[in-house]
Amino acid sequence: MAKLLYFLTLVSIVSSNPLVFKAEEWTLGNFTKQDAVNPVMGPNENTTFFCPVRQEIVNWEKKDVFNPTALVRDGKIHMLYRAEDEVGAFKGTSRIGLAVSTDGINFDREPEPIFYPDNDDANIYEWEGGCEDPRIVELNGTYYLTYTGYDGTLARLMVATSQNLRNWTKHGLVFGKALNGSYENMWSKSGAIVTTLIDEKFVATKINDKFWMFFGESNIYAATSDDLINWEPVVDPDENSEDEYNLLPIFGPREGNFDSDIVEPGPQAIIREEGIVLIYNSRNKDPNNGGDPELPLGTYSAGQVLLNKTSPTQLIGRTAEYFITPDRDYEIIGQVNNVVFVEGLVNFQNKWYLYYGTADSKIALAIIE
Ligand SMILES: *[C@@H]1O[C@H](CO)[C@@H](O)[C@H](O)[C@H]1NC(C)=O
Ligand SMILES: *[C@@H]1O[C@H](CO)[C@@H](O)[C@H](O)[C@H]1NC(C)=O
Ligand SMILES: *[C@@H]1O[C@H](CO)[C@@H](O)[C@H](O)[C@H]1NC(C)=O
Ligand SMILES: *[C@@H]1O[C@H](CO)[C@@H](O)[C@H](O)[C@H]1NC(C)=O
Ligand SMILES: *[C@@H]1O[C@H](CO)[C@@H](O)[C@H](O)[C@H]1NC(C)=O
Ligand SMILES: *[C@@H]1O[C@H](CO)[C@@H](O)[C@H](O)[C@H]1NC(C)=O
């Protein structure tokens, strides 16, 4: 198995603060794609679910499964993955399924989704695009799930809690109460909450008396919270900010690079000795017009950044190159071609396991060996 490319050069980017660490001093390590077992999960045409909104039975994971989050609970890896049906006008409503594994490779799936659009207060935000791209952290025996509610037009970051991963309370929009509701119709996605790894659990951790989250799908922004449910974006102190919502960009795309078009958080962020490590997804521009010339237009690859752990809006390290990029057939061809989208990071039996969506169709695994 070929090791993934890893460039360790210190880079300078558009930032008022210099990057003080070299990548080899803080990145998690080299992830190796597990070719012998990948993809570890694909769609399933056999499972059915009575959709309470549609009022009919659907093959809820028939079309595609992808973009999973993961955690260790009772010594087993639990994966919460996005699954799409192919019915109705939308032909791809997303629900979230649960699969459990004792070895990280072979998963037993629950026959029905554990999180889905229902006839509830969240329905106006979730129907009929659905509940997409889960990310999970925990605190005091409660799991906090951030996910994208998609009404078919607008993507909005939402939050739900559970004690057992099966019964959930939806709390609505993460920015619903902030600034008197003025973020309600802001496009928002991908909430990666800042955590500490404690005995295989990723525990939400306060910095300067607040919980922190990175989010966004263009630049990456930050938000803070007292309760992990109601969040406020960090705004730009520059009053002449050109951002419609005056958000403070923590870091953005880089012209000519694999991350030239957009950047978007990956799994939960982790406080480590050197700082907060955030794995991020990114998309390439046209290779002939501002993108990485060696990657096709629209390719999703992933990099890593390091943020100051006492001042989380300060970028202090960034990998010059991607550490994972699509190059296997199931990563190149699918619902959306040329995509690896990393979202599920666990530390299981002292090894890093990274689960990722491939071409928005299947799920694969990379491990630091
Ligand atoms: C990662 O891979 C590169 C290139 O093969 C190698 O130089 C480096 O030492 C590796 N890093 C670790 C932490 O294994
Ligand atoms: C669906 O059922 C068929 C027939 O029993 C079986 O061959 C196939 O493996 C099943 N698919 C999955 C993903 O379990
Ligand atoms: C978690 O538990 C600690 C100690 O019991 C408590 O101080 C804290 O308020 C709890 N946090 C939340 C968000 O429930
Ligand atoms: C979860 O919800 C189901 C169905 O509503 C209920 O039967 C069950 O008792 C609940 N379990 C827990 C642990 O709350
Ligand atoms: C918040 O919005 C409500 C309804 O539009 C308005 O009545 C209220 O004055 C606003 N509060 C603030 C602090 O802007
Ligand atoms: C992190 O921020 C603190 C201020 O909160 C500063 O003193 C420290 O130098 C910063 N660390 C790095 C590595 O830039």
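None of these values were measured; they are calculated from a predicted model. We count ligands from 1, going down the list as the structure has it; atoms in each ligand are counted the same way.
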Is the distance between the ring centroids of Phe215 and Phe175 less than 6.0 Å?
yes
Taking the six-membered ring for Trp and the full ring for Phe, Tyr or His, determine whether the centres of Tyr356 and Phe341 are under 6.0 Å apart.
no
Region of Lys309 engaging ligand 6 - heavy atom pairs below 4.0 Å:
neither
With a cut-off of 4.0 Å, which atoms of ligand 6 are near a heavy atom of Ile316?
13 (C), 14 (O)
N/O donor-acceptor pairs under 3.5 Å from side chains in residues 98-107, not counting sequence neighbours:
| from | atom 1 | to | atom 2 | distance (Å) |
| --- | --- | --- | --- | --- |
| Ser101 | OG | Asp103 | N | 3.2 |
| Ser101 | OG | Asp103 | OD1 | 3.0 |
| Ser101 | OG | Gly104 | N | 2.7 |
| Ser101 | OG | Ile105 | N | 3.4 |
| Ser101 | OG | Asn106 | O | 2.8 |
| Asp103 | OD1 | Ile105 | N | 2.8 |
| Asp103 | OD1 | Asn106 | N | 2.8 |
| Asp103 | OD2 | Asn106 | ND2 | 2.7 |

Examine Lys170 relative to Phe115 and say whether NZ or CZ is less than 6.0 Å from the centre of the six-membered ring and inside a 45° cone about the ring axis.
yes
Protein residues that have a heavy atom under 4.0 Å from any atom of ligand 2, sorted by chain and number:
Asn44, Asn46
Are Phe214 and Tyr221, when compared by the centres of their aromatic rings, separated by less than 6.0 Å?
no
Which ligand 6 atoms are under 4.0 Å away from a heavy-atom of Ser311?
2 (O), 5 (O)
Aromatic contact between Phe66 and Tyr81, with the criterion being ring centroids under 6.0 Å apart: yes or no?
no
Test item: Asp85 side-chain N/O and Lys62 main-chain N/O as donor-acceptor pair under 3.5 Å
no
